[in-house]
Amino acid sequence: MLGLVGGVLPALARLSANPVLRSVSWTYVWLLRSVPLIVVLLFLYNLGALYPTLSIGVPFGPAFLTFDASRPAPDVVIAVVGLSLAEAAYAAEVVRAGLLSVDQGQHEAAAALGLPGRYRFTRIVLPQALRAIVPSHRPRRRSGWAPTTCRRSSN
């Protein structure tokens, strides 16, 4: 479930007119769909050994927020985060395809009625897109339980 919810944002970013959002989302989806899941889980599990401290701030300048990454999170948390990130990359493509399946005339009709953009999306486009998203995501959701055995091999 976290993967599907997390896949909506990259899908919307891929459909955005902003080239930075589009390229960041494309890179995220491409990277996590091309790297094997066990590699993602091993990277997240060993992140504390690779980078003892993580900081947010100006590159080569002052750090605004610093995290101690030497203490790893519990195994279950690492597994849930890794599986959710990988599933979100696949779900992003399913959601994007579902949103693109809505006829352009529906967008134009909603705009002709003078509906605001958010209302257009939530009331006109999304319900029609769900007709394509739900059946396409169902087999992926069932097969999502298979990679959970990878968590045991990361210990």
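Quick note: residue numbers are just sequence positions, from 1.
Between Leu54 atom CG and Leu47 atom CG the span is 5.5 Å, to the nearest 0.5 Å. The structure places CG of Asn46 at 6.5 Å from CG of Leu42, a figure rounded to the nearest 0.5 Å. Rounded to the nearest 0.5 angstrom, Leu12 CG and Leu21 CG are separated by 10.0 Å. One distance of note links CD1 of Ile78 with OH of Tyr45; it measures 6.5 Å at 0.5 Å rounding.
Gln104 is linked by a side chain to side chain contact (heavy atoms under 4.5 Å, CB included) to His107, Glu108, counting only residues two or more places apart in sequence or in another chain. Residues satisfying the side chain to side chain contact (heavy atoms under 4.5 Å, CB included) criterion with Pro52, sequence neighbours excluded, are absent altogether. Residues satisfying the side chain to side chain contact (heavy atoms under 4.5 Å, CB included) test with Leu50, not counting sequence neighbours, are Phe43. Contacts of Leu113 classified as side chain to side chain contact (heavy atoms under 4.5 Å, CB included), with partners at least two apart in sequence or in another chain: Leu115.
Think of Val58 as one node in a network of Ile, Leu, Val, Met, Phe, Trp and Tyr side chains linked at under 4.5 Å; its network also takes in Phe64. Taking Ile, Leu, Val, Met, Phe, Trp and Tyr as hydrophobic and joining them when side-chain heavy atoms fall under 4.5 Å apart, one finds Val20 in a cluster with Val24.
Pairs passing the side-chain hydrogen bond (donor to acceptor under 3.5 Å, both in side chains) check and including a residue from residues 47-68, sequence neighbours excluded, read Asp68-Ser70. Under the salt bridge (charged side-chain N to carboxylate O under 4.0 Å, His left out) criterion, no residue pair touches residues 114-128, with sequence neighbours excluded. Evaluation of the salt bridge (charged side-chain N to carboxylate O under 4.0 Å, His left out) test over residues 53-63, restricted to residues two or more places apart or in two chains, returns none.
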Just distance, no hydrogens or angles: give the donor-acceptor pairs under 3.5 Å from side chains in residues 91-102, sequence neighbours left out.
unit_1, atom_1, unit_2, atom_2, d
Glu93, OE1, Arg96, NH2, 3.1
Glu93, OE2, Arg14, NH1, 2.6
Ser101, OG, Gly98, O, 2.6

Got a list of side-chain donor-acceptor pairs under 3.5 Å for residues 26-33, not counting sequence neighbours?
unit_1, atom_1, unit_2, atom_2, d
Thr27, OG1, Ser23, O, 2.8
Tyr28, OH, Leu85, O, 2.8

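Remark: Arg22 CZ is packed, more than 12 non-hydrogen atoms of other residues, nucleotides or ligands lying under 6.0 Å away.
Leu44 and Gly82 get closest at one heavy-atom pair: CD1-CA, 3.5 Å.
The cluster map of Ile, Leu, Val, Met, Phe, Trp and Tyr, joined by side-chain heavy atoms under 4.5 Å apart, puts Val77 and Ile38 in the same cluster. Val80 and Val5 fall into different hydrophobic clusters, where Ile, Leu, Val, Met, Phe, Trp and Tyr side chains are chained together by heavy-atom contacts under 4.5 Å.
Looking at heavy atoms from C-beta onward, Val39 lies in side-chain contact with Pro36 at the 4.5 angstrom threshold.
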